[in-house]
*Asks:* 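Following this message is one structure expressed as structure tokens.
Excluded from the calculations below are hydrogen atoms, water molecules and symmetry mates; all remaining heavy atoms, backbone and side chain alike, are included. When a residue number appears, it is its place in the shown sequence, counting from 1. None of these values were measured; they are calculated from a predicted model.
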Amino acid sequence: MAVPMPDDEDIITEIIKREGGLVNDPLDPGGVTFHGISKRANPEAWAHGQPTEAEVRAIYDAKYVVGPGWARLEDDRLKAQCIDWSVTSGPHLVIMEMQKLLGLTVDGILGPITLAAIKAKDARTLNNLIMVAHIKMITRLLVRNPSQLRFAQGWVSRACEFLF
């Protein structure tokens, strides 16, 4: 029996669960966040206080699903991972990592050439390579900024959730 794959709303729901509720950790470079939506990066959503869940979902959809083009990916597992990593590191970085893995010109744009290369690659292999690239990025970040080591286990565990 095939396991049902998540749609974009389910992917956003899972991200909200991973991100948690209101977080104000002074050591977190993201600053104050609610369900992962930072006050620093999304001041309009915080203009009248903590954003609503509907606002959070709209931000995720616009900035991390539709905006960068991840909604166009056919493999739902790969799509979920790319969206999730985009939330923590920005879609531009994730697209560039994808392009490097595919041997393409790295421009950070999920255009037709990148989408065709993704479609031509085995989804499971590409998904797992993206997970490895994510963990390598985490390692580089921790080497540059050891004060973030307290987050390492959570970050790596989150990346590994997408292994298949």
Side-chain angles (χ1 to χ4, degrees), residues 4-99 106-111 114-115 118 127 130-142 144-164:
M5 296 310 304
D7 63 16
D8 295 351
E9 280 300 312
D10 292 337
I11 292 169
I12 291 170
T13 297
E14 289 302 311
I15 290 169
I16 288 170
K17 286 180 192 174
R18 284 185 202 99
E19 290 290 338
L22 182 64
V23 177
N24 189 8
D25 186 330
L27 296 179
D28 184 346
V32 178
T33 64
F34 179 65
H35 291 322
I37 300 302
S38 76
K39 191 174 190 176
R40 184 177 306 134
N42 300 280
E44 69 290 344
W46 287 80
H48 303 289
Q50 181 177 298
T52 65
E53 185 166 330
E55 290 170 318
V56 167
R57 288 179 172 282
I59 291 167
Y60 278 134
D61 191 54
K63 285 188 169 184
Y64 305 106
V65 180
V66 177
W70 295 127
R72 295 181 285 170
L73 293 186
E74 293 178 9
D75 184 85
D76 289 321
R77 288 185 181 121
L78 182 61
K79 181 194 315 186
Q81 178 174 199
C82 290
I83 293 167
D84 188 78
W85 188 11
S86 293
V87 167
T88 62
S89 299
H92 190 74
L93 180 138
V94 181
I95 294 166
M96 291 189 319
E97 289 294 331
M98 178 78 75
Q99 290 168 329
V106 177
D107 63 7
I109 298 168
L110 192 60
T114 303
L115 287 167
I118 290 169
N127 182 78
I130 284 289
M131 185 208 65
V132 170
H134 188 177
I135 293 170
K136 286 179 178 179
M137 187 225 53
I138 291 167
T139 303
R140 289 189 304 270
L141 186 148
L142 294 171
R144 281 194 312 268
N145 192 350
S147 71
Q148 300 299 294
L149 280 169
R150 64 188 292 235
F151 301 113
Q153 182 177 355
W155 290 344
V156 171
S157 293
R158 183 172 177 163
C160 288
E161 285 182 33
F162 296 98
L163 178 64
F164 82 100

*Asks:* Show your reasoning for whether side-chain contact (heavy atoms from CB on, under 4.5 Å) applies to Glu97 and Val94.
*Replies:* CA-CA 5 Å; Glu97 289 294 331; Val94 181; 5.7 Å; no
*Asks:* What's the shortest heavy-atom distance between Pro91 and Ser86, and which atoms?
*Replies:*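 Where Pro91 meets Ser86 most closely, the heavy atoms are CA-OG, 3.3 Å.
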*Asks:* Within the 4.5 Å heavy-atom criterion, are Ile11 and Ile15 side-chain neighbours or not?
*Replies:*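 Yes, close enough: below the 4.5 Å cut-off.
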*Asks:* Could you tell me if the side chain of Met131 sits less than 4.5 Å from the side chain of Gln81, heavy atoms only?
*Replies:*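 Touching, per the 4.5 Å side-chain cut-off.
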*Asks:* Begin from the C-alpha positions of Met137 and Leu93 and carry the test side-chain contact (heavy atoms from CB on, under 4.5 Å) through to its verdict.
*Replies:* CA-CA 10 Å; Met137 187 225 53; Leu93 180 138; 4.0 Å; yes
*Asks:* Does a side-chain N-to-carboxylate-O contact under 4.0 Å join Lys79 and Glu74?
*Replies:*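 Glu74 and Lys79: not salt-bridged.
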*Asks:* Donor-acceptor check, side chain of Asp75 to backbone of Leu78, threshold 3.5 angstrom: yes or no?
*Replies:*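 Yes, Asp75 side chain to Leu78 backbone: donor-acceptor pair under 3.5 Å.
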*Asks:* Take Arg57 and Glu9, measure what salt bridge (Lys or Arg N to Asp or Glu O under 4.0 Å) needs, and give me the verdict at the end.
*Replies:* CA-CA 8 Å; Arg57 288 179 172 282; Glu9 280 300 312; 3.0 Å; yes
*Asks:* Hey, could you give me the CG/CG distance between Asp76 and Asp7, rounded to the nearest 0.5 Å?
*Replies:*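 Answer rounded to 0.5 Å: 8.0 Å.
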*Asks:* Under 3.5 Å, is there a donor-acceptor pair between the side chain of Asn145 and the main chain of Leu141?
*Replies:*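 No, Asn145 side chain to Leu141 backbone: no donor-acceptor pair under 3.5 Å.
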*Asks:* Between Val106 and Gln99, which heavy-atom pair has the shortest distance, and what is it?
*Replies:*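 That would be CA-OE1, 3.5 Å.
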*Asks:* What's the shortest heavy-atom distance between Ala159 and Ile138, and which atoms?
*Replies:*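 Result for this residue pair: CB-CD1, 4.5 Å.
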*Asks:* Is the shortest distance from a Lys or Arg side-chain nitrogen in Arg158 or Glu19 to a carboxylate oxygen in the other one below 4.0 Å?
*Replies:*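 Counted as a salt bridge, because a side-chain N and a carboxylate O are separated by less than 4.0 Å.
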*Asks:* Which atom pair, heavy atoms only, marks the closest approach of Arg72 to Leu110?
*Replies:*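 Taking Arg72 first and Leu110 second, the nearest heavy atoms are NH2-O, 2.7 Å.
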*Asks:* Carefully, step by step, assess Ile16 and Glu53 under the rule side-chain contact (heavy atoms from CB on, under 4.5 Å).
*Replies:* CA-CA 9 Å; Ile16 288 170; Glu53 185 166 330; 4.3 Å; yes
*Asks:* Looking at Arg150 and Asp25, what are the two nearest heavy atoms and their distance?
*Replies:*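 Smallest interatomic distance, heavy atoms only, reads NH1-OD2, 2.9 Å.
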*Asks:* Report the distance from atom CD of Glu14 to atom CD1 of Ile83, rounding to the nearest 0.5 Å.
*Replies:*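 Rounded to the nearest 0.5 Å, the CD-CD1 separation comes out at 12.0 Å.
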*Asks:* Do the side chains of Leu22 and His35 get nearer than 4.5 Å, heavy atoms only?
*Replies:*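 They are not in side-chain contact.
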*Asks:* How close do Asp61 and Ile12 get, counting heavy atoms only, and between which atoms?
*Replies:*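 Where Asp61 meets Ile12 most closely, the heavy atoms are N-CD1, 3.9 Å.
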*Asks:* Flag the pair Arg18 and Glu161 as a salt bridge only when some basic side-chain nitrogen lies within less than 4.0 angstrom of an acidic carboxylate oxygen.
*Replies:*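 The answer is yes: the pair qualifies as a salt bridge.
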*Asks:* Taking the side chain as C-beta and beyond, is there a heavy-atom pair between Gln148 and Trp155 under 4.5 Å?
*Replies:*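 They are in contact (side-chain heavy atoms under 4.5 Å apart), so the answer is yes.
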*Asks:* Are Lys63 and Asn42 side-chain neighbours, meaning at least one heavy-atom pair lies under 4.5 Å?
*Replies:*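 Heavy-atom side-chain distance check passes, below 4.5 Å.
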*Asks:* Test of understanding: with ring pair (Phe, Tyr, Trp, His ring centres under 6.0 Å), list the residues that count as partners of Trp85, not counting sequence neighbours.
*Replies:*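 Ring pair (Phe, Tyr, Trp, His ring centres under 6.0 Å) check on Trp85 returns His134.
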*Asks:* Could you tell me if the side chain of Ile95 sits less than 4.5 Å from the side chain of Pro68, heavy atoms only?
*Replies:*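 Side chain of Pro68 against side chain of Ile95, heavy atoms only: contact under 4.5 Å found.
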*Asks:* Say you draw a straight line from CD1 of Ile37 to CD1 of Ile59; how long is it, rounded to the nearest 0.5 Å?
*Replies:*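 Rounded to the nearest 0.5 Å, the CD1-CD1 separation comes out at 4.5 Å.
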*Asks:* For Tyr64, what residues pass the ring pair (Phe, Tyr, Trp, His ring centres under 6.0 Å) criterion, not counting sequence neighbours?
*Replies:*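 Listed in chain order: Tyr60.
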*Asks:* Under 4.5 Å between any side-chain heavy atoms of Cys82 and Leu73, yes or no?
*Replies:*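 Counting from C-beta outward, Cys82 and Leu73 do come under 4.5 Å.
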*Asks:* Do Val23 and Phe34 have side chains that get closer than 4.5 Å, going by heavy atoms?
*Replies:*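 No. Closest side-chain heavy atoms not under 4.5 Å.
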